[in-house]
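Note that this is a predicted model, so its numbers are computed, not measured.
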Amino acid sequence: MLPSPVPADPGWDEDLTWLDRDPEREEWLARAREHDEPPGEDEAYEEYAPLSAEELAEIEEAAADELLAVKAATTGRRGPGQPGSARAFPGESSSRAAGFGPGMPLDVLPGCAQLAVAADAAAQDGFAGVSEAELVGVLCAWDRVAAHAHARKLAVVAELAGRNPGTLDAEFTADQIAYALGESRARADSLIGMAQTLPGRLPGTAAALEDGMISRYKAEIIARATALLEDDEARAAEAGVLDRAARLTPGALRAATTRAVMQAAPEKARERRETAAKDARVERWIQDTGNAALMGCELPPDEVLAADEQITARAKELRKAGLEGDMDQLRARAYLDLLLGRDSRPGPGQDSTPGVVPAGFAGRVTLTVPLVTLAGLADRPGELASLGPVDPWLARDLAAAAAASPKTTWCLTVTDSQGHAVAHGCARPEAKKHGKHAGPGPPGEVGFSFTPAGRDGPPGGYGTWRLQTPGTGPDLIITVDSLTTDPCDHRFEAQGHDPGVKLRHLSQVRHATCTSPICRRPAAQCDVEHNTAYEAGGRTCLCNTGPKCRHDHRLKQHPKWHVDQLPDGSFRWTTPAGRAYDTEPTRYPI
């Protein structure tokens with residue numbers, strides 16, 4: 001998602017990147033923004049001997065023949081493999097990156113391991129003496145190397161998939177790849193699809209990717225757009241865009257490829273649109289800023305345009321009524337007004353104010369907030385299930401809004417220093433004889449408090465506590481039970497196959513999502529699965545159960561896969577390749 005709103009009308013620019021809202025791309029961009037952990041004190045970077053001038057010269061000489069392929073028409077083109085000039089300038093630079101200057105051998109060398117070595121050598125002196133033109137050449141070289149490496153990666157994926165031809169084995173190959181790469185199952189499926197179809201179906205795209213002429217993302221754009229075409233139709237569409245794919249931006253390439261598909265097979269283009277329309281959906285996610293996003297996908301174009309006009313019209317009404325903000329902000333407010341049936345225009349009689357959380361803001365949403373944040377003792381972030389982290393101030397606002405609804409239920413989870421749940425209790429109203437509490441107190445006083453209730457909890461537990469929430473409702477009593485299964489006292493064990501309500505709830509508290517290393521399906525939507533089968537003597541107990549989505553429930557039963565439930569609540573998944581991956585219990589805000 002772009003970091004800021006974009007105009008509703010992109011004008012005549014062919015580059016329609018403002019429409020690029022692919023969730024898989026968002027996931028990739030999110031990963032790209034992450035940074036690795038710094039090395040520990042006992043770790044050291046492996047040092048490489050710098051290239052000698054003779055070794056670097058050998059690489060440049062091997063690349064010199066590539067200059068013959070450079071044509072005058074390439075002058076000024078953009079993208080990896082597109083030199084900034086068709087002319088070479090020998091002898092005009094003495095830096096280690098001289099070979100990357102405009103038109104020089106390394107500026108046009110296809111992606112390969114030797115190019116990576118040369119590009120790495122260019123930085124050995126901190127780019128001292130390297131011109132900007134040479135820096136751009138090094139930048140493009142690394143881009144070609146990255147594309148080349150991805151092509152090699154796809155070759156390995158194809159080989160791995162080819163070794164698992166059986167129906168079930170092929171289905172679960174994506175899981176093995178996802179485990180190894182820390183990717184989603186959908187992303188692993190996409191890798192397999194690309195690896196198996198690209199070389200034979202789109203040979204030009206495959207060759208351009210391996211040479212580094214186009215990036216991984218651009219190769220995927222071409223492959224996705226041509227997915228429903230016959231092989232000859234796909235190659236015809238490919239030929240219509242490949243000559244300029246390197247210099248087009250992704251949005252422009254998507255538009256050009258879609259146009260080429262419509263020209264090569266108009267009936268298939270219609271089929272693609274109609275098939276995708278069956279996947280119409282609305283998605284929501286938390287953004288890096290802590291705000292949220294709501295997006296409709298695969299919607300009818302005419303209805304989207306009509307809806308967009310209504311949003312703009314409502315935004316103009318808000319502006320005319322005096323609501324502050326630029327047109328992007330007003331369109332966003334109009335969008336929510338139309339969805340929620342609200343009216344944000346200032347004036348008497350209006351019962352909603354933008355930015356104020358309405359009471360009872362959600363019917364079935366789990367909000368997790370550290371107790372010290374609720375009590376105003378610290379500013380630690382909370383978390384909204386299915387969305388993600390929320391800052392302390394928003395967390396308090398949401399909790400206060402939830403307290404205004406009598407349908408809100410409250411639970412307390414005790415965590416260790418890592419955020420893993422070690423105890424849990426569910427609140428119940430205090431006996432009526434105690435009456436109602438007096439509310440949150442004077443203005444400015446925090447409306448939440450947590451105090452001992454004066455009674456002992458269950459053996460091995462954490463006692464009984466009183467939770468006071470804002471408002472005039474009764475205080476809440478919470479009895480806290482231990483979740484420890486190392487060793488397990490089996491206090492929550494069910495006698496039959498199916499878990500009781502409490503055991504199911506506690507299992508979902510310890511693992512809020514599927515216990516697969518890569519699955520994020522909420523535990524409430526998963527099976528409560530016995531690690532050792534009930535029919536084989538396995539207990540229906542916290543020490544032998546955990547949530548698994550239906551896919552991973554089936555995967556766990558495959559004879560080539562093995563899953564162990566460890567005493568600390570972790571699950572160890574061992575793949576057919578013999579590699580093991582652990583899933584720890586959920587980490588809650590602390």
Is there a donor-acceptor contact under 3.5 Å from the side chain of H148 to the main chain of E210? yes

Using a 3.5 Å distance criterion without hydrogens, assess whether the side chain of T226 forms a donor-acceptor pair with backbone atoms of L229. no

With side-chain contact (heavy atoms from CB on, under 4.5 Å) as the criterion, how do H562 and D564 come out once you've worked through the C-alpha distance, each side chain's angles and the decisive distance to 0.1 Å? CA-CA 7 Å; H562 186 73; D564 294 304; 2.9 Å; yes

Side-chain contact, heavy-atom cut-off 4.5 Å: L248 with V241? no

With distance as the sole test, does R247 use its side chain to make a donor-acceptor pair with the main-chain N or O of D243 at under 3.5 Å? no

Rounded distance [0.5 Å steps], OG1 in T205 versus CD1 in I221: 11.0 Å

Derivation of the side-chain contact (heavy atoms from CB on, under 4.5 Å) call for H558 and F172: CA-CA 9 Å; H558 191 284; F172 296 138; 3.8 Å; yes

Test your reading of the model: is there a side-chain donor-acceptor pair from K218 to the backbone of A245, 3.5 Å cut-off? yes

Kindly say whether T515 contributes a backbone atom to a donor-acceptor pair with the side chain of W573 at under 3.5 angstrom? yes

If only atom types and distance count, is the side chain of D326 paired as donor or acceptor with the main-chain N or O of D328 below 3.5 Å? yes

Do L209 and H150 come within less than 4.5 Å of each other through their side chains, counting heavy atoms only? yes

Around atom CZ of R587, are there more than 12 heavy atoms from other residues, nucleotides or ligands closer than 6.0 Å? yes

Going by an N to O cut-off under 4.0 Å, is there a salt bridge joining R163 and D169? no

Got a salt bridge between R270 and E267, using NZ or NE/NH1/NH2 to carboxylate O under 4.0 Å? yes

Does atom CE of M262 have more than 12 heavy-atom neighbours from other groups under 6.0 Å away? no

Check whether any side-chain heavy atom of K153 lies under 4.5 Å from a side-chain heavy atom of L181, and answer yes or no. yes

So, the side chain of D279 versus the backbone of T275: is there a donor-acceptor pair under 3.5 Å, distance only? no

Salt bridge check: are R554 and D527 linked by an N-O gap of less than 4.0 Å? no

Looking only at non-hydrogen atoms, find the nearest pair between P199 and A206 and report the distance. CA-CB, 4.0 Å

Between R144 (side chain) and L109 (backbone), is there a donor-acceptor pair under 3.5 Å? yes

Quick one: do R185 and H551 satisfy side-chain hydrogen bond (donor to acceptor under 3.5 Å, both in side chains)? Show the steps, please. CA-CA 11 Å; R185 189 179 295 117; H551 173 93; 3.1 Å; yes

Please determine whether side-chain contact (heavy atoms from CB on, under 4.5 Å) holds for the pair I286 and L384, giving the CA-CA distance in whole Å, both sets of side-chain angles, and the decisive distance to 0.1 Å. CA-CA 9 Å; I286 201 75; L384 269 174; 6.0 Å; no

Counting heavy atoms not belonging to E274, are there more than 12 under 6.0 Å from its CD? yes

side-chain contact (heavy atoms from CB on, under 4.5 Å) for N531 and K556? Distances and angles first, verdict last. CA-CA 9 Å; N531 198 67; K556 185 253 184 184; 3.9 Å; yes

Check for a donor-acceptor pair, side chain of D552 on one end and backbone N or O of K548 on the other, with a separation under 3.5 Å. no

Charged N to carboxylate O under 4.0 angstrom, R201 versus E238? no

Indicate whether any N or O donor in one side chain lies under 3.5 Å from an N or O acceptor in the other, for E134 and S95. yes

How long is the gap from NZ on K560 to OG1 on T574, to the nearest 0.5 Å? 15.0 Å

Compare all side-chain heavy atoms of C514 with those of Q525 and state whether any distance is below 4.5 angstrom. no

Hey, are R572 and D582 close enough for a salt bridge, meaning a charged N less than 4.0 Å from a carboxylate O? yes

Can you give me the closest heavy-atom contact between V138 and F127, atom names plus distance? CG1-CE2, 4.4 Å

Looking at every heavy atom in both S184 and R187, which two are closest together, and how far apart are they? OG-N, 3.1 Å

What one should report as the nearest heavy-atom pair of A234 and L202 is O-CD2, 3.6 Å

Is the shortest heavy-atom distance from the side chain of Y335 to the side chain of D308 under 4.5 Å? no

Do the side chain of R96 and the main chain of A121 share a donor and acceptor less than 3.5 angstrom apart? yes

Are any non-hydrogen side-chain atoms of L242 and I222 less than 4.5 angstrom apart? yes

4.5 Å side-chain heavy-atom contact, P301 and V304: no

Can you give me the closest heavy-atom contact between M327 and T312, atom names plus distance? CE-O, 3.8 Å

Minimal heavy-atom distance between Y179 and T575, with the atoms involved, is CD2-CG2, 3.7 Å

